[in-house]
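All of these numbers come straight from a predicted model, not from anything done at the bench. Residue numbering restarts at 1 for every chain, and letters A, B, ... go by the order of the sequence lines.
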Amino acid sequence: MTEIKSELNSELSTELSSITISTSSSAEVAADVRFADFGLSDDILRALSDQGYVHPTPIQAAAIPVVLEGRDVMGAAQTGTGKTAGFSLPIIQLLLAHANASASPARHPVRALILTPTRELADQVAENVKAYCKHTPLRSLVVFGGVDIAPQTAALRAGVEIVIATPGRLLDHVQQKTINLSQVQILVMDEADRMLDMGFLPDLQRIINLLPKARQSLMFSATFSQEIKKLAATFLRNPLTIEVARSNATAENVTQILYQVQEEEKRDAVSFIIRERNLKQVIVFSNTKIGTSRLAVHLVKTGVKAAAIHGDKTQQERMAALESFKRGEIEVLVATDVAARGLDIAELPCVINFDLPYNAEDYVHRIGRTGRAGATGDAISLFTEKDERLLADIEKLIKQKIVRLHLAGFVATKLEPHGLREPRSSGARSSSSGSAEVKNDRRVAPRSYASTPKIDPWFLQPYQPTASTLPVAEKPSVTSSSGKPAKRAALLGGFSKS
DNA sequence: AAAAAAT
């Protein structure tokens, strides 16, 4: 079960400086601890019991009392550990407890600010916060770009205590003077490592400069690089470090698999794996927006219910894709790293890396999409000869070798007897070397790519299964899945612990 | 190298 070790600070201080939580499963609940033990208000407990939550996860059990004390926290926790509740529950409690502490001119000044790197993550954290606040008078608002700013401005004018935001739109509101951050008592930087990767440091700096110096700050990061430690030293005051599992560790309940294939085999390999394993809920990661869209189109053509999600899609398309995936209407979500972190999709049994990520840390985040909340999962990665360096970086980061397997059955069916790499349906292709064939493949794409990168030529129509697109082997499972939507909706659309 | 994020 959960073991909490505490280390004492340096010789002069007996103050706790770090808590390390070692547990077989980071999301496993502590059966001997209850949310009711933390002195949270009845309104919060009622919201929790509405969702059927009684016992905290280890990071929640460690973080809630510390945040309630008012201490700064550096949390090294992966997604799926219940970290969102770990910070939002005590924040709500603190705001409730000190309701009349500051006599400010504004009736409802922003008192807690939660920053996230992506819009989807902001939306998701906001949904959780809103649910936890359900029975309290506290109001929360999510603020991000890509959507109409007017409703956000109106809500801010009416007054909200808790703002969940991505940095860009938040600064937009600051410039327009539609938000006042001078009363913020608690700051949360969620997925801080991601925010650094994305070059948010200057924005972060500008936002923090607008906050009161006397405030509580919490920072969460799945990985714990030197840069993150530096950021913590800059923005946190005597923080308590709460570490769940080993830094940069991959979930123990995720089985990692590598398949070496040729570059031009990758699309078919993904189709093959999806069909072979009869996957009904899988995220496939690609490194590029265009590659993501292309792969989704390919999968749809082969009868797989797939949709793409990436940063060049409109916010509506992004949300629609995510929603239909959560509802089970879409079985394969093909994504860039926009979806690598934070998204809480319950019970995802498998993720596939169509490309190995350029950034080794992203590997950890991507495969963290599976094996969540104590469940087991598979992380399957395709790699080609030229990916050896990326692979070495990843294995160095996670401090383990990933087992390399042959994609049994696939090579035999896809490789032609004479060693040609691509199956040919017609003789239309000119006879040329292997690399020229790849170029030929690329020429199939509309030329508008380079000139109009913002317009996605591969915009997907909603999937309509037809007798012709549905492979015979898929039919039974599709039929059986039609009986499942209610159950799946309960699983995926349910309340998030993260 | 690429993606993300304000317009």
Side-chain angles (χ1 to χ4, degrees), chain A residues 113-126 142-153 156 163-179 181 189-207 210 221-223 263 283-296 308-319 321-322 333-343 353-366 369 383-384 386-394 442 449-450 453-454 456:
Chain A
L113 176 64
I114 301 169
L115 298 174
T116 73
T118 67
R119 298 166 180 175
E120 278 78 8
L121 186 56
D123 205 30
Q124 186 180 283
V125 170
V142 64
V143 163
F144 57 69
V147 295
D148 191 0
I149 197 169
Q152 295 175 3
T153 305
L156 286 168
V163 167
I164 303 96
T166 49
R169 180 58 73 84
L170 182 71
L171 284 169
D172 196 354
H173 280 289
V174 166
Q175 271 178 0
Q176 297 192 30
K177 301 203 190 305
T178 47
I179 195 169
L181 298 176
M189 289 167 276
D190 200 9
E191 309 274 4
D193 46 351
R194 183 59 158 185
M195 292 206 265
L196 285 193
D197 285 351
M198 288 167 58
F200 275 146
L201 186 56
D203 284 354
L204 228 45
Q205 184 72 66
R206 283 162 65 202
I207 291 165
L210 299 165
S221 175
T223 47
E263 186 65 37
I283 297 184
V284 181
F285 286 104
S286 162
N287 281 355
T288 64
K289 290 180 277 202
I290 205 73
T292 301
S293 289
R294 274 186 200 166
L295 180 58
I309 183 169
H310 59 66
D312 278 355
K313 296 256 181 201
T314 66
Q315 197 55 34
Q316 282 93 332
E317 287 170 323
R318 284 164 61 165
M319 293 195 239
L322 196 58
L333 189 66
V334 190
T336 58
D337 281 320
V338 69
R341 304 193 189 199
L343 293 192
N353 285 315
F354 178 75
D355 300 311
L356 285 183
Y358 290 124
N359 185 343
E361 292 188 353
D362 283 331
Y363 177 82
V364 178
H365 292 287
R366 288 179 180 186
R369 305 290 86 216
F383 79 108
T384 65
K386 61 175 174 37
D387 292 330
E388 287 292 350
R389 236 200 91 168
L390 297 176
L391 195 50
D393 288 347
I394 289 166
R442 292 209 177 113
Y449 281 165
K454 291 293 170 194
D456 188 345

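Closest of all the heavy-atom pairs between A:Lys289 and A:His310 is O-CD2, 3.4 Å.
A donor-acceptor pair is defined here as one N or O able to donate and one able to accept, closer than 3.5 Å; no such pair exists between the side chain of A:Asp203 and the backbone of A:Pro167.
For the side chain to side chain donor-acceptor pair (under 3.5 Å) test, no residue two or more places apart in sequence or in another chain qualifies with A:Lys177.
You'll find the side chain of A:Arg119 stays beyond 4.5 Å of the side chain of A:Arg169, heavy atoms only.
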Going 5' to 3' through nucleotides 2-7 of chain B and flagging B where a protein heavy-atom sits under 4.0 Å of the base, S where only the sugar-phosphate is that close, and - otherwise, we get SBBBBS
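Tested against A:Arg194 for a side-chain hydrogen bond (donor to acceptor under 3.5 Å, both in side chains), the candidates A:Asp337, A:Thr116, A:Thr118, A:Asp362 yield a single pass: A:Asp362.
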